[in-house]
Amino acid sequence: MGIIEDSFKKELGKNTGKFVSNLVFGDKHSTPYRRVGSSETQEARAEAARIRAEAAQAKADAIAREHEVRAEIEEKNHLNSLDAAVLANVDKVIAMPFSEDTNELAHQLSGLAIQLSTNSFSKENAEEKIRAKYTEAVFQKFDQGLQILLAKDPYNPNMDYLWNAFIKAKKEKKKSIKNLLIKIWIPLFLMGLLLLSSSSKDERVLGILIILIITVSIVIIVFLKNREKNILKKARHNYDITTHYQQPTIHTNQNITAQSESQFQSNYSFNQKQEFDHLWNKYSHLSPLMKNGYRICQTNEQKDILIVGLYCNTDHIINGRTIYPLSQHERISSLDYNLNGAGDNLQNHAAYMDLFPIQSTSAQFEILKEIIQNPKMFDYVVEQISLNQTIIEDVVCPKLIIIQDNHSWAFFGKLPEFVWMGYEFQLIEKTAYGDLCRIVGFRSDDRIQPDRKQTNLIGTKVLFHQGITFPATETKKWLNL
């Protein structure tokens, strides 16, 4: 018993000492199995914490992705709703009828001008691209209405404001396109340069191709821009102008007189049929209105009086290419009233010209839309007006020109934003039948015949007729005034 008791006491003292040592000194004096057991517990706890953290992160990522998908769906639904609303408004703009009353038409255009100033052509993001559809529709409608107003009432008091609004909108439209191209071109150009520095032959070829495409695109755009400028200089046919709409300049020099018949000596050899055949062979396939052929009044010699119409407005189409004497004009009765009466017979001293000898049974709106305002017919219009000026200057060389249709005024240069033949006028008097003016020279070199430095029509009187019928006595008075 003594030995067992002593061993028990010894073991009890040993364990008590370890317990006290652990309390005082910690694990530094603990037994090895105590340290190993503590490390395994900490690693297990850390692993459990890591698993919980990963699970929490996965749950957060799933929630975030769900929010992103929901946001994408909501954005897509928003864009679809916006697109539907914009297209509905675009349809309303397209369907909007223009008033026949010019003052009401100007009021409608003022509303469209406000729409243009408050909407943007920018296409920086998906929403702006959709909204730009409406701005583009308003711009096209505004352009259409402005053409109608110009044709009907070029001196409308609102014209200056409307022109400026159109010019501003057109510049904004070009600016948005330019910004978009720059944003596309710069990254592509940098990519091309990067590929050029590559060691791979295929990548260098691709870099050269990218830079070449960008360069060609820039050259084409510059060419088209310069072409537009040249067209404006030659004809002022579109509306990209920077001058205000104003009345023609009135000169104070009253000593300019018309040339006498003996003063005009024409050495111009003119074959009327050959000239018009050339135009028809070149352009008649572009418009069904020209396929019936032309019908022109004979103008192959000098005449004191030239009566000018816009087109051959006929009740019956005569197929073929016809040249007829003035006595066979379809409206000869009305011309007789202007040229003959009270002992005055001026028919033998007169010639007649349609600026566009195209036969049509329809209203002049068809000629304006299908020929004069049709971009694909622009070259024909330029050549036709140039030929007309040659006939007037070098063949007929009249002392009095009577322009019957106000749509023809622009082609003589009466309206400041349209140059065309480019004559400069001096107002003689405002008659009951229209403004009687005198040609005093050319406005500038921005004409369809810029090489013609001096006109043969210095002193020639021009009546811008406003539709009221006048007798032969008035014609004779104007001729001899």
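Along the sequence shown, residues carry numbers from 1. Quick caveat: nothing in here was measured; it's all calculated off a predicted structure.
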**OP:** Determine whether the side chains of Q140 and E136 contain a donor N or O and an acceptor N or O closer than 3.5 Å.
**Re:** yes
Original post:
Does any donor atom in the side chain of Q466 or N406 lie under 3.5 Å from an acceptor atom in the other side chain?
Top reply: no
State, to 0.1 Å, how close [X] and [Y] come at their nearest heavy-atom pair, and which atoms those are.
X: N313; Y: R331; answer: O-NH2, 3.1 Å
X: L279; Y: L387; answer: CD1-CD2, 3.8 Å
X: A472; Y: L346; answer: O-CD1, 4.2 Å
X: L109; Y: F142; answer: O-CE1, 3.1 Å
X: I391; Y: F276; answer: CD1-CE1, 4.0 Å
X: V308; Y: I401; answer: CG2-CG2, 3.9 Å

When you measure from the side chain of [X] to the backbone of [Y], do you find a donor-acceptor pair of N or O atoms at a distance under 3.5 Å?
X: S284; Y: N281; value: no
X: K303; Y: N348; value: yes
X: Q359; Y: I318; value: yes
X: K141; Y: I94; value: yes
X: W280; Y: M290; value: yes
X: T135; Y: F121; value: no
X: R443; Y: P416; value: yes
X: S386; Y: V382; value: no
X: N80; Y: K76; value: yes
X: N388; Y: L355; value: yes

Subject >> Rounded distance [0.5 Å steps], CG in L149 versus CD in E104 >> reply: 12.0 Å
Subject >> Single hit among F412, F425, W420, Y423 for ring-ring contact (aromatic ring centres under 6.0 Å, His included) with F442 >> reply: Y423
Is it true that [X] and [Y] have a side-chain N and a carboxylate O under 4.0 angstrom from each other?
X: R131; Y: E128; value: no
X: K282; Y: D379; value: no
X: E330; Y: R295; value: no

**OP:** Kindly indicate whether a cation-pi arrangement holds for K376 with Y283, taking the cut-offs as under 6.0 Å to the six-membered ring centre and within 45° of the axis.
**Re:** no
Original post:
Does a sphere of radius 6.0 Å around NE2 in H78 hold more than 12 heavy atoms from other residues, nucleotides or ligands, not counting ones at 6.0 Å or beyond?
Top reply: yes
Original post:
Heavy-atom count around M96 CE within 6.0 Å, excluding the residue itself: above 12?
Top reply: yes
Subject >> Trace of the side chain to side chain contact (heavy atoms under 4.5 Å, CB included) decision for C397 with L457 >> reply: CA-CA 7 Å; C397 198; L457 305 182; 4.0 Å; yes
Between [Y] and [X], is there a side-chain heavy-atom distance shorter than 4.5 Å?
X: I385; Y: F356; answer: yes
X: N300; Y: I323; answer: no
X: E474; Y: L436; answer: no

